[in-house]
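Input: a single structure, listed below in C-alpha coordinates.
Computed from a predicted structure; not experimentally measured.
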Amino acid sequence: MSLTIENLQASVDETPILKGLNLEIPAGEVHAIMGPNGSGKSTLSKIIAGHDDYEVTGGKVLLDGVDIAELEVDERSRAGIFLAFQYPAEVPGVSNANFLRAALQARMPEGEEIDAVSFYKDLYAKMDELEMDRKFTSRAVNEGFSGGEKKRNEILQMMMLDPRYCLLDETDSGLDIDALKVVAKGVNSMRSPNRGFLVITHYQRLLDYIKPDVVHVMSDGQIVKTGGADLALELESSGYDFLKTA
Ligand code: ADP
Ligand code: MG
(Lines give C-alpha, C1' and ligand atoms only; values in the text may rest on other atoms or scores of the structure.)
(Ligands and ions follow the chains in the order given, each with its own letter.)
Protein backbone atom coordinates (compact mmCIF):
# COMPACT_ATOMS: atom_id res chain seq x y z
CA MET A 1 0.00 0.00 0.00
CA SER A 2 1.43 3.34 -0.99
CA LEU A 3 0.90 6.71 -2.52
CA THR A 4 3.13 6.63 -5.57
CA ILE A 5 4.01 9.44 -7.95
CA GLU A 6 5.54 8.35 -11.23
CA ASN A 7 7.31 10.74 -13.58
CA LEU A 8 4.73 13.45 -12.86
CA GLN A 9 4.79 16.43 -15.19
CA ALA A 10 2.45 19.38 -14.84
CA SER A 11 2.04 22.91 -16.12
CA VAL A 12 0.17 26.03 -15.26
CA ASP A 13 -0.70 28.30 -18.19
CA GLU A 14 1.69 26.33 -20.41
CA THR A 15 4.59 26.85 -17.99
CA PRO A 16 6.03 23.53 -16.80
CA ILE A 17 6.20 23.37 -12.98
CA LEU A 18 6.68 19.66 -12.26
CA LYS A 19 9.29 18.09 -14.49
CA GLY A 20 9.22 14.33 -14.03
CA LEU A 21 8.77 13.88 -10.31
CA ASN A 22 9.04 10.45 -8.66
CA LEU A 23 8.02 9.71 -5.08
CA GLU A 24 6.75 6.71 -3.19
CA ILE A 25 5.19 7.00 0.25
CA PRO A 26 4.43 3.56 1.68
CA ALA A 27 1.62 3.39 4.24
CA GLY A 28 3.10 3.65 7.72
CA GLU A 29 5.80 6.16 6.76
CA VAL A 30 6.24 9.90 7.17
CA HIS A 31 8.06 11.59 4.32
CA ALA A 32 9.17 15.22 4.46
CA ILE A 33 9.78 17.44 1.44
CA MET A 34 11.99 20.46 1.81
CA GLY A 35 13.29 22.80 -0.86
CA PRO A 36 13.58 26.42 -1.96
CA ASN A 37 10.54 28.61 -2.57
CA GLY A 38 9.04 28.14 -5.98
CA SER A 39 10.36 24.61 -6.48
CA GLY A 40 6.82 23.23 -6.88
CA LYS A 41 6.07 21.75 -3.44
CA SER A 42 2.58 23.25 -3.11
CA THR A 43 1.89 22.45 -6.76
CA LEU A 44 2.67 18.79 -6.09
CA SER A 45 0.37 18.63 -3.08
CA LYS A 46 -2.48 20.38 -4.90
CA ILE A 47 -2.17 18.11 -7.93
CA ILE A 48 -2.35 15.01 -5.74
CA ALA A 49 -5.51 16.45 -4.14
CA GLY A 50 -7.00 17.23 -7.57
CA HIS A 51 -6.78 21.03 -7.86
CA ASP A 52 -7.87 22.07 -11.35
CA ASP A 53 -5.47 25.03 -11.86
CA TYR A 54 -2.86 22.56 -13.05
CA GLU A 55 -2.62 20.56 -16.23
CA VAL A 56 -1.04 17.18 -15.75
CA THR A 57 0.93 16.61 -18.94
CA GLY A 58 2.49 13.26 -18.04
CA GLY A 59 3.01 10.62 -15.39
CA LYS A 60 0.80 9.06 -12.77
CA VAL A 61 -0.51 9.44 -9.25
CA LEU A 62 -1.28 5.99 -7.86
CA LEU A 63 -3.27 5.41 -4.69
CA ASP A 64 -2.60 1.83 -3.60
CA GLY A 65 -1.82 1.02 -7.21
CA VAL A 66 -4.89 2.71 -8.69
CA ASP A 67 -4.41 5.73 -10.97
CA ILE A 68 -6.52 8.58 -9.55
CA ALA A 69 -6.04 10.97 -12.51
CA GLU A 70 -9.68 10.83 -13.53
CA LEU A 71 -11.08 11.34 -10.03
CA GLU A 72 -12.65 14.62 -8.93
CA VAL A 73 -11.47 16.37 -5.76
CA ASP A 74 -14.30 14.97 -3.63
CA GLU A 75 -13.73 11.46 -4.95
CA ARG A 76 -10.05 11.69 -4.08
CA SER A 77 -11.00 12.86 -0.61
CA ARG A 78 -13.33 9.92 -0.13
CA ALA A 79 -10.63 7.62 -1.50
CA GLY A 80 -8.47 8.78 1.43
CA ILE A 81 -6.43 11.79 0.31
CA PHE A 82 -6.32 14.80 2.61
CA LEU A 83 -4.52 18.09 2.01
CA ALA A 84 -3.87 20.61 4.77
CA PHE A 85 -3.38 23.82 2.78
CA GLN A 86 -0.47 26.22 3.04
CA TYR A 87 -3.07 29.00 2.77
CA PRO A 88 -6.40 27.65 4.11
CA ALA A 89 -9.49 29.20 2.53
CA GLU A 90 -12.17 30.98 4.55
CA VAL A 91 -15.71 29.70 4.09
CA PRO A 92 -18.08 32.41 5.33
CA GLY A 93 -21.56 31.33 6.35
CA VAL A 94 -20.64 27.69 7.06
CA SER A 95 -19.90 26.81 10.66
CA ASN A 96 -16.91 24.64 11.39
CA ALA A 97 -19.10 21.95 12.98
CA ASN A 98 -21.53 21.85 10.04
CA PHE A 99 -18.66 21.75 7.58
CA LEU A 100 -17.09 18.72 9.27
CA ARG A 101 -20.44 17.03 9.73
CA ALA A 102 -21.26 17.45 6.02
CA ALA A 103 -17.84 16.11 5.04
CA LEU A 104 -18.31 13.03 7.24
CA GLN A 105 -21.91 12.56 6.10
CA ALA A 106 -20.67 12.54 2.49
CA ARG A 107 -18.55 9.50 3.39
CA MET A 108 -21.43 7.44 4.70
CA PRO A 109 -23.40 4.90 2.70
CA GLU A 110 -26.58 6.12 1.03
CA GLY A 111 -29.47 6.35 3.48
CA GLU A 112 -27.33 6.36 6.62
CA GLU A 113 -27.39 9.37 8.88
CA ILE A 114 -24.48 10.55 10.99
CA ASP A 115 -25.12 10.23 14.74
CA ALA A 116 -25.06 13.77 16.14
CA VAL A 117 -24.20 12.75 19.70
CA SER A 118 -21.17 10.69 18.77
CA PHE A 119 -20.13 13.30 16.18
CA TYR A 120 -19.94 16.04 18.83
CA LYS A 121 -18.29 13.73 21.33
CA ASP A 122 -15.58 12.93 18.79
CA LEU A 123 -15.25 16.57 17.69
CA TYR A 124 -14.85 17.85 21.25
CA ALA A 125 -12.30 15.15 22.11
CA LYS A 126 -10.20 16.12 19.11
CA MET A 127 -10.53 19.83 19.79
CA ASP A 128 -9.35 19.18 23.35
CA GLU A 129 -6.35 17.32 21.99
CA LEU A 130 -5.54 20.33 19.80
CA GLU A 131 -6.28 22.75 22.65
CA MET A 132 -8.96 24.50 20.58
CA ASP A 133 -11.69 26.46 22.32
CA ARG A 134 -15.24 25.14 21.81
CA LYS A 135 -16.26 28.46 20.27
CA PHE A 136 -14.52 27.35 17.08
CA THR A 137 -17.34 24.86 16.43
CA SER A 138 -19.85 27.63 15.72
CA ARG A 139 -17.52 30.07 13.95
CA ALA A 140 -17.48 30.10 10.15
CA VAL A 141 -14.70 27.93 8.71
CA ASN A 142 -11.43 29.88 9.06
CA GLU A 143 -13.21 33.25 8.84
CA GLY A 144 -11.18 35.77 10.81
CA PHE A 145 -9.00 33.00 12.26
CA SER A 146 -5.38 33.90 12.94
CA GLY A 147 -2.74 32.12 10.86
CA GLY A 148 -2.05 29.67 13.68
CA GLU A 149 -5.77 29.02 14.32
CA LYS A 150 -6.25 28.20 10.64
CA LYS A 151 -3.42 25.69 10.72
CA ARG A 152 -4.81 24.04 13.85
CA ASN A 153 -8.19 23.88 12.15
CA GLU A 154 -6.66 22.08 9.17
CA ILE A 155 -5.31 19.45 11.58
CA LEU A 156 -8.72 19.19 13.23
CA GLN A 157 -10.25 18.45 9.82
CA MET A 158 -7.56 15.86 9.19
CA MET A 159 -8.20 14.15 12.52
CA MET A 160 -11.95 14.09 11.94
CA LEU A 161 -11.77 12.78 8.38
CA ASP A 162 -9.32 10.00 9.23
CA PRO A 163 -7.60 9.94 5.80
CA ARG A 164 -5.27 7.26 4.44
CA TYR A 165 -2.71 9.69 3.06
CA CYS A 166 -2.19 13.08 4.68
CA LEU A 167 -0.47 15.91 2.85
CA LEU A 168 0.59 18.81 5.06
CA ASP A 169 1.76 21.91 3.19
CA GLU A 170 3.82 24.11 5.50
CA THR A 171 1.46 23.52 8.38
CA ASP A 172 4.21 24.84 10.64
CA SER A 173 4.38 28.31 9.11
CA GLY A 174 2.59 30.86 11.28
CA LEU A 175 2.77 28.67 14.37
CA ASP A 176 4.53 29.62 17.57
CA ILE A 177 6.43 26.88 19.33
CA ASP A 178 3.56 25.87 21.64
CA ALA A 179 1.11 25.61 18.73
CA LEU A 180 3.72 23.69 16.78
CA LYS A 181 3.97 21.12 19.56
CA VAL A 182 0.18 20.77 19.72
CA VAL A 183 -0.06 20.27 15.96
CA ALA A 184 2.78 17.75 16.02
CA LYS A 185 1.03 15.87 18.83
CA GLY A 186 -2.11 15.67 16.68
CA VAL A 187 -0.13 14.38 13.71
CA ASN A 188 1.81 11.87 15.81
CA SER A 189 -1.41 10.55 17.33
CA MET A 190 -2.49 9.66 13.79
CA ARG A 191 0.66 7.83 12.79
CA SER A 192 -0.33 4.29 11.93
CA PRO A 193 0.82 1.37 9.76
CA ASN A 194 -2.21 2.08 7.56
CA ARG A 195 -1.54 5.75 6.98
CA GLY A 196 1.12 7.69 5.10
CA PHE A 197 2.17 11.32 5.52
CA LEU A 198 3.80 13.85 3.24
CA VAL A 199 4.99 16.80 5.29
CA ILE A 200 6.16 19.86 3.34
CA THR A 201 8.22 22.21 5.42
CA HIS A 202 10.90 24.85 5.25
CA TYR A 203 12.21 24.22 8.70
CA GLN A 204 13.92 21.40 10.52
CA ARG A 205 12.07 22.67 13.64
CA LEU A 206 8.85 20.81 12.73
CA LEU A 207 10.82 17.64 12.12
CA ASP A 208 12.10 17.74 15.71
CA TYR A 209 8.53 16.91 16.71
CA ILE A 210 7.31 14.91 13.71
CA LYS A 211 10.18 12.51 13.05
CA PRO A 212 10.27 11.70 9.32
CA ASP A 213 11.30 8.31 8.00
CA VAL A 214 12.53 9.86 4.75
CA VAL A 215 13.48 13.41 3.74
CA HIS A 216 13.40 14.59 0.13
CA VAL A 217 14.74 17.78 -1.38
CA MET A 218 12.74 19.27 -4.21
CA SER A 219 14.17 21.72 -6.70
CA ASP A 220 12.81 22.99 -10.00
CA GLY A 221 9.99 20.48 -10.20
CA GLN A 222 11.90 17.35 -9.28
CA ILE A 223 13.09 15.42 -6.24
CA VAL A 224 16.83 15.96 -6.40
CA LYS A 225 17.97 14.32 -3.17
CA THR A 226 16.57 11.76 -0.75
CA GLY A 227 17.89 10.72 2.63
CA GLY A 228 17.04 9.95 6.22
CA ALA A 229 15.98 12.32 9.01
CA ASP A 230 19.54 13.68 9.28
CA LEU A 231 19.30 15.15 5.76
CA ALA A 232 17.01 17.82 7.23
CA LEU A 233 19.65 18.69 9.83
CA GLU A 234 22.28 18.89 7.11
CA LEU A 235 20.09 21.26 5.08
CA GLU A 236 19.52 23.39 8.15
CA SER A 237 23.25 23.99 8.53
CA SER A 238 24.38 24.08 4.90
CA GLY A 239 21.27 25.32 3.08
CA TYR A 240 20.47 24.60 -0.54
CA ASP A 241 23.74 25.85 -2.02
CA PHE A 242 24.55 22.34 -3.25
CA LEU A 243 21.70 22.73 -5.74
CA LYS A 244 23.59 25.42 -7.63
CA THR A 245 26.67 23.33 -8.15
CA ALA A 246 24.74 20.13 -8.90
P1 ADP B 1 6.64 26.08 -3.51
O2 ADP B 1 5.43 25.58 -2.78
O3 ADP B 1 7.74 25.07 -3.59
O4 ADP B 1 7.14 27.39 -2.98
P5 ADP B 1 4.78 26.42 -5.72
O6 ADP B 1 4.31 25.06 -6.07
O7 ADP B 1 3.87 27.28 -4.92
O8 ADP B 1 6.21 26.32 -5.03
O9 ADP B 1 5.13 27.20 -7.05
C10 ADP B 1 6.00 26.69 -8.06
C11 ADP B 1 5.99 27.64 -9.25
O12 ADP B 1 4.74 27.56 -9.91
C13 ADP B 1 6.17 29.10 -8.87
O14 ADP B 1 6.96 29.71 -9.85
C15 ADP B 1 4.76 29.64 -8.89
O16 ADP B 1 4.72 31.00 -9.19
C17 ADP B 1 4.12 28.82 -9.99
N18 ADP B 1 2.67 28.59 -9.77
C19 ADP B 1 2.11 27.75 -8.89
N20 ADP B 1 0.77 27.79 -8.94
C21 ADP B 1 0.46 28.70 -9.88
C22 ADP B 1 -0.78 29.21 -10.41
N23 ADP B 1 -1.96 28.76 -9.96
N24 ADP B 1 -0.69 30.14 -11.37
C25 ADP B 1 0.52 30.57 -11.83
N26 ADP B 1 1.69 30.14 -11.38
C27 ADP B 1 1.69 29.22 -10.42
MG1 MG C 1 4.39 26.26 -1.12
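Under a 3.5 Å cut-off, the side chain of Asp220 and the backbone N or O of Ser39 do not form any donor-acceptor pair. With hydrogens and angles ignored, the 3.5 Å screen pairs a side-chain donor or acceptor of Tyr240 with a backbone N or O of Gly35. Between the side chain of Asn188 and the backbone N or O of Ala184 there is at least one donor-acceptor pair closer than 3.5 Å. Checked by atom type and distance alone, the side chain of Glu55 never pairs as donor or acceptor with a backbone atom of Glu14 at under 3.5 Å. At distances below 3.5 Å, not a single donor-acceptor pair connects side-chain atoms of Thr15 with backbone N or O atoms of Ser11. Panel note: side chain Arg152, backbone Leu130; a donor-acceptor pair is recorded below 3.5 Å. The closest donor-acceptor contact from the side chain of Arg107 to the backbone of Ala103 lies under 3.5 Å. Looking at Asn142, its side chain never comes within 3.5 Å of a backbone N or O of Pro88 through a donor-acceptor pair. Of the possible polar contacts, none joining the Ser95 side chain to the Ala140 backbone as a donor-acceptor pair under 3.5 Å is found. Looking only at distances, a side-chain donor or acceptor of Asn22 sits under 3.5 Å from a matching main-chain atom of Asn7.
Around atom OH of Tyr203, no more than 12 heavy atoms belonging to other residues, nucleotides or ligands sit under 6.0 Å away. Enclosure of atom CD in Glu24 by more than 12 non-hydrogen atoms of other residues, nucleotides or ligands within 6.0 angstrom is indicated. A 6.0 Å sphere centred on CZ of Phe136 holds more than 12 heavy atoms belonging to other residues, nucleotides or ligands.
At a threshold of 4.5 Å between side-chain heavy atoms, the hydrophobic network of Ile, Leu, Val, Met, Phe, Trp and Tyr places Leu8 and Ile81 in one connected group. A chain of hydrophobic side-chain contacts below 4.5 Å, direct or via other Ile, Leu, Val, Met, Phe, Trp or Tyr residues, connects Ile47 to Leu71.
In this structure, Lys225 is positioned above the aromatic face of Phe242, its NZ or CZ under 6.0 Å from the six-membered ring centre and within 45° of the axis.
Between Ile200 and Ser45, the closest side-chain pair of non-hydrogen atoms falls below 4.5 Å.
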* Under the side chain to side chain donor-acceptor pair (under 3.5 Å) rule, what do Glu149 and Asn153 come out as? Steps first, then yes or no, please. => CA-CA 6 Å; Glu149 289 165 351; Asn153 206 34; over 6 Å; no

* Using the ring pair (Phe, Tyr, Trp, His ring centres under 6.0 Å) rule, take Phe197 and Tyr165 through it: C-alpha gap first, then chi angles, then the decisive distance, then the call. => CA-CA 6 Å; Phe197 289 87; Tyr165 294 96; 9.3 Å; no

* Asked: Between Arg139 and Asp133, does a salt bridge (charged side-chain N to carboxylate O under 4.0 Å, His left out) hold up when you go through it step by step?
  -> CA-CA 11 Å; Arg139 284 182 58 179; Asp133 193 286; over 6 Å; no

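Salt bridge Asp169/Lys46: absent, no basic N to carboxylate O contact under 4.0 Å. Using a 4.0 Å cut-off between a side-chain N of Lys or Arg and a carboxylate O of Asp or Glu, Glu90 and Lys150 qualify as a salt bridge.
At a cut-off of 3.5 Å, with distance as the only test, no side-chain donor of Asp172 or His202 sits close to an acceptor on the other residue.
Distance check, rounded to the nearest 0.5 Å: CG of Asn96 to CD of Glu143 gives 11.0 Å. One distance of note links CG of Asp64 with OG1 of Thr4; it measures 8.5 Å at 0.5 Å rounding. Within the model, atoms CZ of Arg76 and CD1 of Ile68 stand 4.5 Å from one another, a figure rounded to the nearest 0.5 Å. Atom CD of Glu236 and atom CG of Asp208 lie 8.0 Å apart (nearest 0.5 Å). Summarising the geometry, atom SG belonging to Cys166 is positioned 4.5 Å from atom CE belonging to Met190; distances are rounded to the nearest 0.5 Å. Atom-to-atom distance recorded for Ile5:CD1 and Ile223:CD1 is 9.0 Å, nearest 0.5 angstrom.
In terms of heavy atoms, Val215 sits closest to Pro212 at CG2-CG, 3.8 Å. Closest heavy-atom contact between Thr137 and Arg134: OG1-O, 2.6 Å.
In this pair, Tyr120 and Tyr124 present their aromatic rings tilted. The plane angle is within the 30 to 60° band.
Ser42 pairs in a side-chain hydrogen bond (donor to acceptor under 3.5 Å, both in side chains) with only one of the listed residues (Gln86, His51, Glu170), which is Gln86.
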